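Structure record follows, encoded as structure tokens.
These figures come from a predicted structure and were not determined experimentally.
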Amino acid sequence: MPDNDHEHDDAWDAAVAARLGRLRRIPVDTAPLRGAVAAEMDAAGATTDRSWWARTTRPVRAVAASLLLVASVVAVVMLTASSGSVYARADEMAAMHRELVNGNGGVMKVDSVDAAQRALSHQWAMSPDLPDLPEKHVMACCLRKMNNKRIACVLLDDAGTPVSMMVADGGDVKHAATTTLVRGGTTFYVETADDLNMVATQRDGRWVCLIGERSVERLMELAGSLRF
């Protein structure tokens, strides 16, 4: 029995060896497997690269977007400042009136509207025509700016009280006052700053504002007497 078992084991080993030899000789195509593995590795690498790129460039893109937004805002502001209208503020106009009364900052003494027009034209060739002021005494004039918009200022004597008349191109200056009154078919924008009353209106393409320590009714009456 032992001899027969030994012979059986030897025969079995020989058969297994022969079968394994035949299997080794059978060609196996591993190209599809290699391609699948390579594709998976490439996809994983691309995802990793994209993630790394996104993380790396996100701050740069955010800064670029912020700079673009700032540049757009600056461009809009510059365009508005150069070609749009500015809104006249009561405190700024009050300051200009006081400078005119006190003779500060290039104020020129004149005695008529024509003299004021000539004096202002030397500084501003395209200055708007000043309205005529019948029976009103002209004392001085000057040129002022609100932002980059020019305003012609003339100081009047209304029964001993100084009143400033400010004139600008109607496309350059508008009034921010929300209080309006209508007199003689004309709409006036009314404001007060300290002891000064102000009435403004748009006439014949011009913005005109009268300022002084006079009543609103009196300033509207003076504005109504202007001849354009």
Side-chain angles (χ1 to χ4, degrees), residues 85-121 123-124 127-147 149-228:
S85 301
V86 298
Y87 284 92
R89 290 172 41 188
D91 57 342
E92 291 179 303
M93 293 187 295
M96 288 190 285
H97 169 77
R98 293 189 178 100
E99 289 178 351
L100 191 52
V101 171
N102 294 327
N104 299 332
V107 174
M108 300 170 285
K109 292 184 177 181
V110 291
D111 57 8
S112 68
V113 171
D114 289 341
Q117 187 79 63
R118 289 193 299 271
L120 293 171
S121 295
Q123 298 179 329
W124 183 11
S127 60
D129 292 336
L130 299 174
D132 288 332
L133 301 166
E135 301 176 2
K136 299 296 182 293
H137 183 63
V138 179
M139 298 189 294
C141 66
C142 68
L143 184 64
R144 290 290 182 264
K145 283 188 178 182
M146 190 172 294
N147 289 350
K149 306 302 182 182
R150 295 181 177 184
I151 299 177
C153 305
V154 179
L155 186 64
L156 314 174
D157 178 8
D158 182 43
T161 300
V163 173
S164 291
M165 178 182 68
M166 301 181 181
V167 183
D169 188 288
D172 288 344
V173 180
K174 298 185 183 303
H175 216 84
T178 57
T179 301
T180 60
L181 295 173
V182 179
R183 294 291 185 276
T186 301
T187 300
F188 293 98
Y189 298 88
V190 180
E191 279 193 285
T192 300
D194 297 329
D195 53 353
L196 296 173
N197 287 320
M198 309 174 191
V199 298
T201 188
Q202 294 274 348
R203 291 281 301 276
D204 293 351
R206 282 165 281 184
W207 171 84
V208 181
C209 183
L210 294 176
I211 305 173
E213 295 183 34
R214 303 291 277 171
S215 68
V216 170
E217 291 294 334
R218 175 56 183 163
L219 292 176
M220 288 191 295
E221 182 183 351
L222 289 175
S225 68
L226 299 178
R227 295 183 300 191
F228 290 86

Quiz prompt | Charged N-O contact under 4.0 Å between Lys145 and Asp172 | solution = no

Exercise. Kindly write out the residues that satisfy side-chain contact (heavy atoms from CB on, under 4.5 Å) with Arg183, not counting sequence neighbours, or none if the list is empty.
Key: Leu181, Phe188, Glu217, Met220

Exercise. Determine the minimum heavy-atom distance between Ser85 and Gly171, stating which atoms define it.
Key: OG-O, 2.7 Å

Quiz item: Excluding sequence neighbours, so at least two apart, what forms side-chain contact (heavy atoms from CB on, under 4.5 Å) with Thr180?
Solution: Thr187, Tyr189

Practice problem: Indicate the atoms forming the closest heavy-atom contact of Leu210 with Ala223, along with that distance. | Solution: CD1-N, 3.4 Å

Quiz item: Between CD of Gln202 and OG1 of Thr186, what distance do you get to the nearest 0.5 Å?
Solution: 12.0 Å

Quiz item: Can His175 and Tyr87 be said to form a side-chain contact (heavy atoms from CB on, under 4.5 Å), step by step?
Solution: CA-CA 5 Å; His175 216 84; Tyr87 284 92; over 6 Å; no

Quiz prompt | Carboxylate-amine/guanidinium contact Arg144 Glu99, below 4.0 Å | solution = yes

Quiz prompt | side-chain contact (heavy atoms from CB on, under 4.5 Å) partner of Leu219, the single match among Met165, Met198, Arg214 | solution = Arg214

Self-check item: Candidate pair Arg98 and Asp195, rule salt bridge (Lys or Arg N to Asp or Glu O under 4.0 Å), full reasoning
Solution: CA-CA 11 Å; Arg98 293 189 178 100; Asp195 53 353; 3.7 Å; yes

Quiz item: How many angstroms lie between OG1 in Thr201 and CG in Leu226, if you round to the nearest 0.5 Å?
Solution: 9.5 Å

Quiz item: So, Asp157 side chain and Gly160 main chain: donor-acceptor pair closer than 3.5 Å or not?
Solution: yes

Self-check item: Nearest heavy atoms of Ile211 and Met93, plus distance in Å
Solution: CD1-CB, 3.5 Å

Quiz item: Taking atom SG of Cys142 and atom CG of Leu100, what is their separation to the nearest 0.5 Å?
Solution: 4.5 Å

Quiz prompt | Nearest-0.5 Å distance that lies between atom OG in Ser127 and atom CG in Leu120 | solution = 6.0 Å

Quiz item: At their closest point, which heavy atom of Pro131 faces which heavy atom of Val113, and how far apart are they?
Solution: O-CG1, 3.8 Å

Exercise. Look up atom CG in Asp91 and atom CD in Glu191, then write down how far apart they are to the nearest 0.5 Å.
Key: 9.0 Å

Exercise. Report the distance from atom OG of Ser164 to atom CG of Leu155, rounding to the nearest 0.5 Å.
Key: 5.0 Å

Practice problem: State, to 0.1 Å, how close Val190 and Val216 come at their nearest heavy-atom pair, and which atoms those are. | Solution: CG1-CG2, 3.8 Å

Quiz prompt | Nearest heavy-atom neighbours spanning Gln117 and Pro128 | solution = NE2-O, 3.4 Å

Quiz item: Quick one: do Arg218 and Asp158 make a salt bridge, cutoff under 4.0 Å?
Solution: yes

Quiz item: Donor-acceptor pair, Asn102 side chain versus Asn104 backbone, under 3.5 Å?
Solution: no

